[in-house]
Amino acid sequence: MIRAIKGTRDILPPASAVWNHVERVARRVMESYAYQEIRTPIFEETDLFARGVGEDTDIVSKEMYSWEDRDGTRLTLRPENTAGVIRSYIEHRLDQRPGLQKLYYMGPMFRRERPQKGRYRQFSQIGAEVIGSESPAVDAELIEMVMEVLSQAGLEGARLILNSVGCKECRPKFLAALREQLKDVAAGMCNDCQRRAGTNPLRVLDCKAPEDQPAIEKLPSILDYLCETCRTHFASVRSHLDERGIGYEVRPRLVRGLDYYTRTTFEVVHGALGAQNSVLGGGRYDGLAEALGSKVPAPGIGFSIGEDRLVMTVEETHPGLMKGSIDLFIAPMGEAALRHSTLLARELRRGGAVVELAFEGKLKRVLETANKTGARYTLIVGDNEMESGAYALKNMATGEQETVTREQLAERFYGKH
RNA sequence: GUGGGUAUAGCUCAGCCGGUAGAGCGCUGGAUUGUGGUUCCAGAUGUCGUGGGUUCAAAUCCCACUACCCACCCCA
């Protein structure tokens, strides 16, 4: 048997309804903030990600699906989409368009990791980028928007975690201080931290090993090293969030995995996700466009929601979303009734109703099927009904049956959706 | 890349000390020639993950492999 490959999966009904729900809500909310959709290719030149995401990140150094095209070009299945969006922004000179560029996207990303709960090799992200402003109010609006997406999608009990990771000026000073102090204490820490101290000292701050916590407490905090500009920016983001009544927790040890982040970074975590408890991550990336070859500065900020993880929790808390929604199930009896019903079904469907039509089977079977699909009504169409023009309409919840004319059916079922 | 767990019907799983496979749900048909949900009756579906070994005999014991799940690393 040929199976879906490792780390990929089929989204079957009725679970697919939850995906549609989440995507519908996300579009509606983001468009209400005047964001517009951008669709970029699912594969790009490998170099885009190497330069955008960072050569030394895990994503680039060991997780990308890359191959050589027939002409020798190195190509890669996108492991995230910010680099692609910025590439597109530069290529199409979106900086020349009026106003801020507020763009959203949704779709599959690919990373070759060992799969586990909430982590797949093909996974979906819903993300947005706003490019062209450094204003802290932009940060706050973006965060407000994504919290709105999460709550309207049905996610409850999510926690927003906020930090600032500084800029090109102040971060190096912090890193130097961190490395300095790690020289003394790293030897006493877990094996992972001893390795991280050399390769990626920021990650030490995020270590989960309980025995390392006392040492981590004593390490320097980025917030004490922010330059004046970054400090002011962060304070302003916070006050904008406070004014909007958005709760958050400042965590100076919040670390993001991508090299391009500057200043504001944030994450939303949720308890019901297993070990991968982060449902979204995001942050500002003021130098990214220039790193990708833009002649003009294009400061920006964005986020991406792990759609698989969001769907996972919404599925659990809102099982009703997976119910089918057939308004009317038509049960024709015989060939003539089937032909008659076909036209009736089309009329009601054009009116906006969800109509299912049984193509074969005895009435009893059709009623059984209608019942199992959760259809609200069943319409029986036989010789009597065709002759009299009065159809038998059965309410599947109560079992009550009444006779209705074609006009009454239209009244009843038009505009259902 | 590393560690742990699991693998028996479409799904969830039982099957202890080896004796040749079961339940619930689902599916199909019937009780009901134009009426579902409840009930009752009947029925179908298994290379017991794959390969090898031990044994008179293996779903069961041993070995290897594979797949999936969970966790680490890391991240959405």
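Each chain gets a letter, A, B and so on, in the order its sequence line appears, and its residues count up from 1. Computation of the quantities below employed the complete heavy-atom set of this structure, encompassing side-chain atoms and omitting hydrogens, waters and symmetry-equivalent molecules.
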With rounding to whole Å, what would you report as the distance between C27(B) and U45(B) at their C1' atoms?
-> 9 Å
Where the side chain of Ile380(A) is concerned, which of C73(B), G1(B), U35(B) is the nearest nucleotide?
-> U35(B)
Is Glu45(A) salt-bridged to Arg87(A), cutoff N-O under 4.0 Å?
-> no
Once you round it to whole Å, what is the distance between C1' of G36(B) and NZ of Lys362(A)?
-> 14 Å
Lys6(A) has an atom NZ; how far is it from atom C1' of U66(B), in whole Å?
-> 10 Å
Ignoring hydrogens and angles, does a donor from either the side chain of Asn371(A) or the base of G36(B) sit under 3.5 Å from an acceptor on the other?
-> yes
For Met333(A) and U33(B), what is the distance between atoms CE and P respectively, to the nearest whole Å?
-> 11 Å
Measure the distance from CD on Glu368(A) to C1' on C27(B) and round it to the nearest whole Å.
-> 11 Å
On a whole-Å scale, what distance lies between the P atoms belonging to C48(B) and A7(B)?
-> 15 Å
Look up atom SG in Cys190(A) and atom CG in Asp212(A), then write down how far apart they are to the nearest 0.5 Å.
-> 4.0 Å
Counting any heavy atom closer than 4.0 Å, what does Arg195(A) reach on the DNA or RNA strands: base, sugar-phosphate only, or nothing?
-> sugar-phosphate
Does OP1 or OP2 of A71(B) have a side-chain N or O of Gln116(A) closer than 4.0 Å?
-> yes
Separation between CD1 of Ile42(A) and OG1 of Thr76(A), rounded to the nearest 0.5 Å = 13.5 Å
Using the ring of each side chain (for Trp, its six-membered ring), is Phe413(A) parallel, tilted or perpendicular to Tyr377(A), with breaks at 30° and 60°?
-> perpendicular
Between A76(B), G30(B), G36(B), which nucleotide has the shortest distance from any of its atoms to the side chain of Glu113(A)?
-> A76(B)
Spacing of the C1' atoms in C17(B) and U55(B) (rounded, Å) | 16 Å
Go through G37(B), G34(B), C69(B) for me and flag the one nearest to the Pro115(A) side chain.
-> C69(B)
Could you tell me whether Arg9(A) contacts a base, only the sugar-phosphate backbone, or nothing, with contacts defined as non-hydrogen atoms closer than 4.0 Å?
-> nothing
Between G52(B) and C13(B), how far apart are the C1' atoms? Round to whole Å, please.
-> 29 Å
Counting side-chain heavy atoms from CB outward, which of A67(B), A76(B), G36(B) is closest to Arg3(A)?
-> A67(B)
Can you tell me if the side-chain N/O atoms of Arg365(A) get under 4.0 Å from OP1 or OP2 in G29(B)?
-> yes
Calculate the interatomic distance between Tyr104(A) atom OH and A76(B) atom P; express it in whole Å.
-> 22 Å
Would you say the side chain of Asn384(A) and the base of G34(B) hold a donor-acceptor pair, judged only by whether the two atoms sit under 3.5 Å apart?
-> yes
